[in-house]
Amino acid sequence: MDGLRALFRVRNYDLASTLNSGQAFRWVPYGDGWEGVVGNYWVWLRQTSTGIEARTARPVPCWDWLSDYLQIDVDIRSVLRSFPKDAPMQAAVRACRGLRLLRQDTWECLASFICSSNKQIVQIRQIIAALCERYGQPLDVPSGHPPAFAFPTPATLAQCTENELRQCRMGFRAPHVRAAAIEVATGRLRLDALAELPLDSARQALVRLRGVGLKIADCVLLYSGIHPRAFPLDTWIRRALSKLYFPGRRVTDKQLREFAASHFGPWAGYAQQYLFHYTRVIAD
DNA sequence: TACCAGGAGAGCG
DNA sequence: CGCTCTCATGGT
C-alpha cells in the first residue's frame, strides 16, 4: 500500500453503482475501471475480486484520504440491518447490493449541488467539469493522459464574477455559487463546524444560503458524511416513496418528510440512496 | 419544436 | 401550509 498503487480489501462494495448513483459527478469510465479526482489527486479505481484497486499519478505516502472518501471501513451489513423490513426496502437492497455512500469534500458537495438544482445529472456533470477545467488547480496525471483538475477552492470562486461563472453554463445558479464561495472563503460560513451541530441546526445553517433549500442542504450533509440521517427529498425519491409506500394516494412533501424521518431509522440517508438508485436505474 | 430537468424562492389565498 | 410561476440552459 505505497507509491502509486493501493489495494483496499473490502466486501459488499459495488464500485460502479456507488460512483454512478448521483452522489458524485466527476467519475467517468476509463479502461476497466473509473477515473476521477479526490482532493488534489487524480485517481483511477477498479473493482477486483477482493476489493478495490486504486492508482494515482504521483506517489502517495498515506492512503487514508482515499479509504475515507470511499468509506471502506463502514460496516454496510449493520447499516442494512437497520433498515425497515418492509417489502420495498428489501427489494431495493436486493437490487442494489454493494451500493455505498461516499464521504466527499463538503465545499465540493455544496457548490456541486447548488449547480444541480433543476438540472439533469448529465448537465450537472458538464457544469462541474467546466468549473474545474477553468478554475481548478491542474493535477498530475499519467503521461499522455489529458489534463485533470482539482475542484476549485472557495477563495478562487469567490474572486470570479457572476459572468465568468455563467460561462460554465450554470445559468441563474451563478450568483448562488459565487455568494456561497464568498461566505465560505470569508469564514462567515464554517463548513467544518457543521458536523458539531444537530441535523436540524446544520440544515438551517445551509438553508440561509441563496439557492440552497432543504433538498440541497440534505445532499451536502449526507454526501459529505456529516449526517447519515439526512434524507434528500428529490423528484425521484418523491416518486419512489409515493409509489412504494402510498400507492394511489396523494401525498404532500411535508407528509413524505415526516414519513422519511420516522420510518427509515438512523441510516435513513443510506436507505434513501438505495431507493433512489433502485427506482432510477433498475426498476421501471 | 416543445418539453423538462436530483429545486429554490417569491407571491398569493 | 399548499399552490403556482419564474429563473438559464442544454439534451432529447
Side-chain angles (χ1 to χ4, degrees), chain A residues 17-28 92 96 99-102 104 106 108-131 133-134 160-181 183 189 203-224 227 230-244 246 249-261 264 268-284:
Chain A
S17 297
T18 299
L19 300 182
N20 204 22
S21 59
Q23 53 181 318
F25 301 106
R26 299 195 64 195
W27 293 99
V28 293
C96 310
L99 180 61
R100 304 284 191 121
L101 284 182
L102 302 166
Q104 302 176 70
T106 311
E108 180 170 347
C109 276
L110 177 58
S112 298
F113 280 97
I114 288 176
C115 293
S116 80
S117 88
N118 203 30
K119 278 282 178 198
Q120 293 184 143
I121 291 183
V122 199
Q123 300 174 16
I124 301 167
R125 303 176 78 107
Q126 292 172 353
I127 293 170
I128 293 169
L131 205 51
E133 210 164 300
R134 286 165 187 253
C160 291
T161 66
E162 180 183 326
N163 273 335
E164 286 175 326
L165 293 178
R166 277 179 189 270
Q167 303 296 311
C168 302
R169 286 158 273 156
M170 63 177 76
F172 59 83
R173 303 155 193 84
H176 301 156
V177 170
R178 192 174 113 82
E183 287 299 293
L189 175 60
R203 280 173 172 152
Q204 285 174 32
L206 288 169
V207 164
R208 285 194 305 104
L209 299 169
R210 302 278 296 184
V212 178
L214 253 189
K215 189 268 172 180
I216 290 178
D218 273 22
C219 283
V220 173
L221 294 171
L222 181 62
Y223 298 138
S224 59
H227 279 291
F231 195 98
L233 186 60
D234 63 24
T235 57
W236 289 96
I237 291 297
R238 192 175 293 123
R239 233 176 283 168
L241 292 183
S242 308
K243 180 180 163 194
L244 298 172
F246 305 89
R249 277 183 278 172
R250 236 190 47 195
V251 211
T252 65
D253 281 5
K254 181 171 155 51
Q255 289 174 290
L256 289 179
R257 276 200 196 88
E258 285 164 0
F259 173 73
F264 292 104
Y270 274 83
Q272 176 270 161
Q273 199 66 13
Y274 275 81
L275 292 169
F276 176 82
H277 198 245
Y278 175 57
T279 55
R280 192 173 75 94
V281 180
I282 295 152
D284 43 312

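Predicted, not measured: the structure shown is a model, and the values here were computed from it. Letters A, B, ... mirror the listed sequences (proteins, then strands); counts begin at 1.
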Take the protein atom [atom1] of [X] and the nucleotide atom [atom2] of [N], then report the distance between them rounded to whole Å.
| X | N | atom1 | atom2 | answer |
| --- | --- | --- | --- | --- |
| A:Ile114 | B:dA8 | CD1 | P | 10 Å |
| A:Arg173 | B:dA5 | CZ | C1' | 9 Å |
| A:Phe25 | B:dA5 | CZ | C1' | 13 Å |
| A:Arg238 | B:dA5 | CZ | P | 11 Å |
| A:Phe276 | B:dA5 | CZ | P | 13 Å |
| A:Ile127 | B:dG7 | CD1 | C1' | 13 Å |
| A:Leu214 | B:dA8 | CG | P | 8 Å |

Provide the closest heavy-atom pair for A:Cys96 versus A:Tyr274 in the form atom of the first, atom of the second, distance. O-CE2, 3.2 Å
Looking only at heavy atoms, which two atoms of A:Pro232 and A:Tyr223 are closest? And how far apart? CG-OH, 4.5 Å
Is there side-chain contact between A:Leu233 and A:Leu241, with at least one heavy-atom pair below 4.5 Å? yes
Going by heavy atoms in the side chains, are A:Leu214 and A:Arg203 under 4.5 Å from each other?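 They are in side-chain contact.
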Counting any heavy atom closer than 4.0 Å, what does [X] reach on the DNA or RNA strands: base, sugar-phosphate only, or nothing?
| X | value |
| --- | --- |
| A:Gly211 | sugar-phosphate |
| A:Ser112 | nothing |
| A:Gln255 | nothing |
| A:Leu209 | sugar-phosphate |
| A:Phe113 | nothing |

Using a cut-off of under 3.5 Å, enumerate the N/O to N/O pairs linking the protein to nucleotides 10-13 of chain B.
{"unit_1": "B:dA10", "atom_1": "OP1", "unit_2": "A:Arg210", "atom_2": "NH1", "d": "2.8"}

For A:Phe259, enumerate each residue passing the ring pair (Phe, Tyr, Trp, His ring centres under 6.0 Å) test, keeping only those at least two apart in sequence or located in another chain.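 So A:Phe259 forms a ring pair (Phe, Tyr, Trp, His ring centres under 6.0 Å) with A:Tyr245, A:Phe246, A:His263, A:Phe264.
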Return the set of residues passing side-chain contact (heavy atoms from CB on, under 4.5 Å) with [X] (not counting sequence neighbours), or none when no residue passes.
| X | value |
| --- | --- |
| A:Ile127 | A:Cys115, A:Lys119, A:Met170 |
| A:Ala129 | none |
| A:Val28 | A:Glu35, A:Arg125 |

Position toward the 5' end of DNA chain B (nearest nucleotide), A:Ala24 or A:His176: A:Ala24
Which residue lies more 5' along DNA chain B, comparing A:Gln123 with A:Val207 via nearest heavy atoms: A:Gln123
What about the rings of A:Phe276 and A:Phe231, do their centers lie closer together than 6.0 Å? no
Chain A contact limits on DNA chain C, taken 5' to 3' with a cut-off of 4.0 angstrom to heavy atoms: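 The protein-touched segment is C:dG2 to C:dG11.
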Between A:Asn118 and A:Gln126, the residue closer to the 5' end of DNA chain C by nearest nucleotide is A:Asn118
Of A:Phe172 and A:Val122, whose nearest nucleotide on DNA chain C comes first from the 5' end?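 Its nucleotide being nearer the 5' end, the pick is A:Phe172.
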Check whether any side-chain N or O of A:Thr18 sits under 3.5 Å from a backbone N or O of A:Arg100 as a donor-acceptor pair, and report yes or no.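 Confirmed, A:Thr18 side chain pairs with A:Arg100 backbone.
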